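Keep in mind that what you see is a predicted model, and the values were worked out from it rather than measured. These numbers come from the heavy atoms of this one structure, side chains and all, not from hydrogens, waters or symmetry mates.
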Amino acid sequence: SISFVGGTADSAKRTIEVAESVASGATIGRLVASDPDANQVLMYGCASSSCSGSSALFTVEANGDVMLNGDARLDYESSGHGWRLSTGLYHTLTVNVTDDGTPPRTSMNSVHISVTDVEESPTVADVTVSIREDTRIGSYVATVWASSNDWKNPTPIFVIDTTKTSDADAALFVLDG
């Protein structure tokens, strides 16, 4: 029989912790197993839906590397294929390791991937406005839209960036709302 030892990060809990901003294709952890039979070559794999199909988030390489799939993106704010607890977003992989004995023996176990939050900047739409020179002071001139999917700071705060606008020009406008 083959016993599962664990992975990088927290072997006792079989958890790999990864920031939601990790690059697609990045190695996020390595699985390690032991075999009581000496000199066995171990090969790893994944039996979870999170590792198969066109929407697969993860791959498990034969050497035990756990990788974020080439086109995948993790998003803490959107659970996607994972499950959410009060402590964060998790994905569970069923991994297997097979030795090269005769006959080959396989062992399976679960590995949890904990996705940690990274604070993200809000998205602001570009706005260009032409204002007639005879426009009355206090007139409405434009609407600026912004959104944030950061659960800690869901409401964007608007300010006029005086590093990109002269103080004299910035003083001509008021943000309302």
Return the minimal non-hydrogen interatomic distance between Ile16 and Gly29, and the atom names on each side. CD1-CA, 4.0 Å
Once side chain to side chain donor-acceptor pair (under 3.5 Å) is applied, do any residues pair with Asn63, and if so which ones, sequence neighbours excluded? Asp65
Tell me, do Phe173 and Ile160 make a side-chain contact under 4.5 Å, heavy atoms counted? yes
Pair Ile28-Met67, side-chain contact (heavy atoms from CB on, under 4.5 Å): steps then yes or no: CA-CA 5 Å; Ile28 61 172; Met67 302 175 73; 6.0 Å; no
Do Val66 and Val111 touch side chain to side chain, with heavy atoms closer than 4.5 Å? no
Minimum heavy-atom separation for Asp99 and Arg105, please, with both atom names. OD1-N, 2.7 Å
Kindly give the heavy-atom pair with the smallest separation between Ala19 and Leu74, and that separation in Å. O-CD1, 4.4 Å
I'd like to know if the side chain of Tyr44 reaches the main chain of Arg30, judged simply by a donor and an acceptor atom lying under 3.5 Å from each other, with no hydrogens or angles considered. no
Student check: side-chain heavy atoms of Tyr90 and Ile113 closer than 4.5 Å: no
Quick check against the 3.5 Å criterion: does Ser24 have a side-chain atom that pairs as donor or acceptor with the backbone of Ala72? yes
For atom CG of Asp126, is the number of surrounding heavy atoms from other residues, nucleotides or ligands below 6.0 Å larger than 12? no
Is there a path of hydrophobic side-chain contacts, each under 4.5 Å between heavy atoms, that joins Val115 and Val22? yes
Any donor and acceptor pair, going by atom type alone, linking the side chain of Asp100 with main-chain N or O of Gln40 inside 3.5 Å? no
Kindly give the heavy-atom pair with the smallest separation between Leu93 and Cys51, and that separation in Å. CD2-SG, 3.9 Å
For His112 and Thr15, which I'm curious about, is there any donor-acceptor pair between the side chains at under 3.5 Å? no
How far does CD of Glu20 sit from OG1 of Thr116, to the nearest 0.5 angstrom? 7.5 Å
State, yes or no, whether a side-chain contact exists between Tyr140 and Thr135 at a heavy-atom distance under 4.5 Å. no
Counting N and O atoms only, with roles assigned by atom type, does the side chain of Glu17 sit under 3.5 Å from a partner on the main chain of Ser114, one being a donor and the other an acceptor? no
Work out which heavy atom in Val124 is nearest to a heavy atom in Ala146; give both atom names and the distance. CG2-CB, 3.9 Å
Arg73 and Leu57: which non-hydrogen atoms are nearest, and at how many Å? O-CD2, 4.3 Å
Consider only side-chain heavy atoms of I, L, V, M, F, W and Y, link residues closer than 4.5 Å, and tell whether Leu175 and Val141 are in one cluster. yes
Side-chain heavy atoms of Leu31 within contact of Val60, under 4.5 Å: yes
With a 4.5 Å cut-off on side-chain heavy-atom distances among I, L, V, M, F, W and Y, is there a chain of contacts connecting Val32 to Val41? no
Which is it for Asn69 and Phe58 under the side-chain contact (heavy atoms from CB on, under 4.5 Å) test, yes or no, and what are the steps along the way? CA-CA 5 Å; Asn69 204 3; Phe58 306 100; 6.0 Å; no
Atom CG of Asp71: over 12 foreign heavy atoms under 6.0 Å: no
In this structure, would Ile131 and Val174 fall into the same cluster of hydrophobic residues linked by side-chain contacts under 4.5 Å? no
